[in-house]
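Have a look at the structure below before the remarks.
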Amino acid sequence: MTPLAVTRFAPSPTGSVHLGNARTAFFSYLWARKSGGRFILRIEDTDVERSELRFRDELLAELHWLGLDWDEGPDIGGPSAPYAQSERHGLYAELYARLEAQGVVYPCYCTPEELDLSRKLQRMAGRPPRYAGTCRSLSLAERHAHEARGRRPSLRFAVPCAGEVEFIDFVHGAQRFHMSDIGDFIVRREDGTASFFFCNAVDDAVMGVTHVLRGDDHLTNTPRQLMVLDALKLPRPGYGHVGLLVGADGAPLSKRHGSTSVQEFRQRGFLGAALLNHLFRLGHTGDVDGWLAPAEFPAHFRPEHLGKAPARFEESQLVHWQKETLGRMSVAEIGAWLDIEAGAPFAELVRHNVVLPRDAAPWIAVIKGELPPLGEDERRIIAAAGPGFFTAAAAALDEAGTDSKRLTKLLAERTGRKGADLYMPLRLALTGQTHGPELAPLLKLIGAETARRRFEFHAQNS
RNA sequence: GCUCCCUUCGUCUAGAGGCCUAGGACACGGCCCUCUCAAGGCUGUAACACGAGUUCGAAUCUCGUAGGGAGCGCCA
């Protein structure tokens, strides 16, 4: 059995959950569930500009919709409360004081404009754009001078100019970074709020997180966070960086690839279980190929099979899981999902002919609306059957009603047609399409009156 | 520019020196079933980025090349 894992998902409430984030959340959740550990939800809302309360509520709702739940979080509390970083200032203040006492951080009075310029200059000179160290060795007098001018400092971590940071990434293996490649980074912003490098790492450590699962884009950030943790003598969690989720063209998943957020897929009618089944196999291989019910996922999750290569998200693959999921739903569930008042017989009728709720629209038209004009091929089939066929069909309908078995039997006897020659013109006259659900229930729903009208139309017009 | 990461069928992946004439799933094609579609059964097409090296033997190890990506933010 996997050792007890405490994992977390730490989104910032700045919009709907991105598919890539949903995936790392799912994997983290699975790891905790599989090992019997805990899954923590923490809200990283230190960016006051972009964080919004409504996003936070939406986020929780989306996660629940997907089928995830957590053991500690802003809505249910827990031993490490509070779970929103905007409410954890007390802890951070204490830790900043410790860092200051150790002399591993220093106030930086550079303005964003100055920093921007410095970076540009370095770039032009063909050098990596790193903090130049301007404020690293300011005298007390110089600091006072800055303060006197009303400048509020940010707090920077003084990265040693020599040395290495090493860690074992549980998906990439051993990693080593030179400190000389890392510039002094900000741990506290000018407005007093905590920066990502600081609070993200610190909270993981303090909350007892043992396995941090995140996107590849954080791999080179990890040494910075490790330096903060080491300076504070806080325990290092294990880190694992999974390959990013990319679009069909291999570029990072973005708007131009279509839907990218959980919310968008939900609104289009994709099912949570379908999304989960797809995500489960993106950058990860479980020990089964087939569809899994949400409750079955943890048992089949294999953390050692998390992938390092970027995984392409293709909607056609999601469609497969959507069909699988649909196939396992009850008629009542399908009906609710379709969200139309056509009733159970209709849900039963179209369940194998729809992927998304909007696919049901043409069948609603078939049952209670007008048929679209026929295409070239369709007209040929109608013509081949001839007006007599439809006259006979109308007559048979009058005798058999919407009992399609009787109707086709009568029609077969009277026209000598059978098989496709019999059914195709019927289907076409009734639905206007060559494909679709079974004819018998279809006829029942269409009703004798409409069916008669459609037969008569072709009796006169073909 | 510097540092780091990645590269097996169209897609997701299995593969940790011989078990690989590279396996599975999805997608696609064919056949069967069937009024059609779907489902189901059978079946087919299809990949180790490239080049050196190590080795009796490399998809697997090493180096290089190419391509893709990330970080170098008072975003997370």
Side-chain angles (χ1 to χ4, degrees), chain A residues 10-12 14 21 44-47 49-51 85 108 110-112 115-116 119 122-131 152-156 169 171-172 175-178 180-183 185-197 199-200 214-224 241 243-244 246 248-252 278 280-286 288-290 305 307-321 323-324 326-327 350-354 404 408 417-428 431 433-440:
Chain A
S12 52
T14 53
N21 290 134
E44 307 226 325
D45 53 354
T46 55
D47 184 349
E49 297 272 305
R50 301 198 301 153
S51 298
Q85 290 184 326
C108 171
C110 296
T111 63
L115 294 170
D116 204 40
R119 272 192 290 269
Q122 291 181 77
R123 233 184 259 277
M124 283 193 317
R127 300 177 58 82
R130 283 204 282 272
Y131 181 61
R152 307 222 0 184
S154 61
L155 201 62
R156 273 184 198 274
D169 184 290
V171 356
H172 286 276
Q175 301 291 313
R176 173 156 58 196
F177 292 88
H178 300 283
S180 56
D181 288 327
I182 302 169
F185 54 94
I186 286 180
V187 290
R188 188 181 63 202
R189 301 190 189 99
E190 181 189 332
D191 66 2
T193 58
S195 76
F196 168 79
F197 289 128
C199 57
N200 177 267
R214 32 149 71 154
D216 240 353
D217 49 339
H218 285 295
L219 187 58
T220 48
N221 288 157
T222 310
R224 274 173 265 262
H241 294 88
L244 255 28
V246 298
D249 56 358
H278 189 210
F280 186 69
R281 293 159 174 94
L282 242 28
H284 167 255
T285 321
V288 286
D289 279 329
H305 276 80
K308 19 188 186 191
R312 292 179 194 227
F313 177 86
E314 294 215 342
E315 206 168 285
S316 60
Q317 306 279 317
L318 173 59
V319 165
H320 169 255
W321 298 112
K323 287 179 184 164
E324 290 276 325
L326 246 20
V350 300
R351 62 177 303 161
H352 297 300
N353 290 273
V354 297
S404 101
T408 50
R417 285 173 168 260
K418 57 181 181 178
D421 286 341
L422 173 69
Y423 279 90
M424 251 323 137
L426 266 186
R427 171 177 290 282
L428 233 29
T431 72
Q433 298 170 64
T434 50
H435 301 322
E438 248 189 294
L439 209 51

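What's counted below: heavy atoms across the whole structure, side chains too, no hydrogens, waters or symmetry copies. Throughout, protein chains are lettered first and strands after them, A, B, ... in sequence-line order, and every chain is numbered starting at 1. Treat the numbers as computed from the prediction; the structure is a model and nothing was measured.
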Here's a test of your reading of the structure: between A:Pro153 and A:Gly436, which maps to the more 5' nucleotide of RNA chain B?
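The answer here is A:Gly436.
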
Suppose we define a pair by two distances each less than 3.5 Å, Watson-Crick or G-U wobble; what does [N] pair with here?
| N | value |
| --- | --- |
| B:C19 | none |
| B:C42 | B:G30 |
| B:A58 | none |
| B:G71 | B:C2 |
| B:C35 | none |
| B:C63 | B:G51 |
| B:U11 | B:A25 |

Donor-acceptor pair between A:His435 and A:Asn353 side chains, under 3.5 angstrom:
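The criterion, which ignores hydrogens and geometry beyond distance, is not satisfied for A:Asn353 and A:His435.
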
I'd like to know if the side chain of A:Thr431 pairs up with that of A:Arg427 as donor and acceptor (distance under 3.5 Å, no hydrogens or angles considered).
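No.
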
Interatomic distance where [atom1] belongs to [X] and [atom2] belongs to [N] [whole Å]:
| X | N | atom1 | atom2 | value |
| --- | --- | --- | --- | --- |
| A:Glu49 | B:G73 | CD | P | 20 Å |
| A:Leu426 | B:C35 | CG | C1' | 9 Å |
| A:Arg50 | B:A76 | CZ | P | 7 Å |
| A:Arg130 | B:G71 | CZ | P | 16 Å |
| A:Arg224 | B:A70 | CZ | C1' | 11 Å |
| A:Asp169 | B:G71 | CG | P | 16 Å |
| A:Gln85 | B:C75 | CD | P | 14 Å |
| A:Ile182 | B:A70 | CD1 | P | 19 Å |

Walk me through whether A:Thr434 and A:Met424 qualify under side chain to side chain contact (heavy atoms under 4.5 Å, CB included).
CA-CA 7 Å; A:Thr434 50; A:Met424 251 323 137; 4.3 Å; yes

Remember a base hit wins even if backbone is also touched, and classify [X] as base, sugar-phosphate or nothing at under 4.0 Å, heavy atoms.
| X | value |
| --- | --- |
| A:Leu439 | base |
| A:Arg312 | sugar-phosphate |
| A:Pro252 | sugar-phosphate |
| A:Gly283 | sugar-phosphate |
| A:Arg119 | sugar-phosphate |
| A:Glu190 | base |
| A:Thr46 | sugar-phosphate |
| A:Gly243 | nothing |

My understanding is that only residues two or more places apart in sequence, or in another chain, count here; which of them pass side chain to side chain donor-acceptor pair (under 3.5 Å) with A:Asn221?
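Here the qualifying residues are A:His218.
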
Picking from [options], which would you name as closest to the side chain of [X]?
| X | options | result |
| --- | --- | --- |
| A:Asp289 | B:C74, B:A25, B:G1 | B:A25 |
| A:Arg123 | B:C74, B:G1, B:U36 | B:G1 |
| A:Gln317 | B:C26, B:G69, B:C35 | B:C26 |
| A:Pro129 | B:C72, B:C74, B:C35 | B:C72 |
| A:His305 | B:A14, B:A76, B:C35 | B:A14 |

Can you check the distance between [N] and [M], where both ends of the measurement are the [atom1] atom (answer in whole Å)?
| N | M | atom1 | value |
| --- | --- | --- | --- |
| B:U60 | B:C50 | P | 10 Å |
| B:U62 | B:U7 | P | 13 Å |
| B:C61 | B:U8 | P | 14 Å |
| B:C19 | B:G57 | P | 15 Å |
| B:A47 | B:U13 | C1' | 12 Å |
| B:A27 | B:C9 | C1' | 11 Å |
| B:A16 | B:A58 | C1' | 12 Å |
| B:U11 | B:A49 | P | 13 Å |

Can you tell me how far apart [atom1] ([X]) and [atom2] ([Y]) are? Round to the nearest 0.5 Å.
| X | Y | atom1 | atom2 | result |
| --- | --- | --- | --- | --- |
| A:Leu115 | A:Cys108 | CG | SG | 6.0 Å |
| A:Glu314 | A:Leu282 | CD | CG | 9.5 Å |
| A:Thr285 | A:His305 | OG1 | NE2 | 5.5 Å |

Please tell me if the side chains of [X] and [Y] come closer than 4.5 Å, counting only heavy atoms from C-beta onward.
| X | Y | answer |
| --- | --- | --- |
| A:Lys308 | A:Asp169 | no |
| A:Phe196 | A:Asp47 | no |
| A:Ile186 | A:Ser154 | yes |

Under 4.0 angstrom between [X] side-chain N/O and [N] OP1 or OP2:
| X | N | value |
| --- | --- | --- |
| A:Arg156 | B:C74 | yes |
| A:Thr434 | B:C35 | no |
| A:His278 | B:C26 | no |

Could you check whether any side-chain N or O of A:Arg130 sits under 3.5 Å from a backbone N or O of A:Asp181, counting only pairs where one atom can act as donor and the other as acceptor?
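Side chain of A:Arg130 to backbone of A:Asp181, a donor-acceptor pair under 3.5 Å: yes, one is there.
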
Which one of A:Arg214, A:His172, A:Gln175 satisfies the side chain to side chain donor-acceptor pair (under 3.5 Å) criterion with A:His241?
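Going through A:Arg214, A:His172, A:Gln175 one by one, the side chain to side chain donor-acceptor pair (under 3.5 Å) with A:His241 is satisfied by A:Arg214 alone.
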
Just say parallel, tilted or perpendicular for the rings of A:Phe197 and A:Phe185, cut-offs at 30° and 60°.
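Rings of A:Phe197 and A:Phe185: perpendicular, as their planes differ by over 60°.
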
Grab the N/O contacts between the protein and nucleotides 38-43 of chain B below 3.5 Å, and write none if there aren't any.
none

Tabulated below should be each protein N or O lying under 3.5 Å from an N or O of nucleotides 4-9 of chain B; please produce it.
residue	atom	partner	partner atom	Å
B:C5	O3'	A:His172	ND1	3.0
B:C6	OP1	A:His172	ND1	3.4

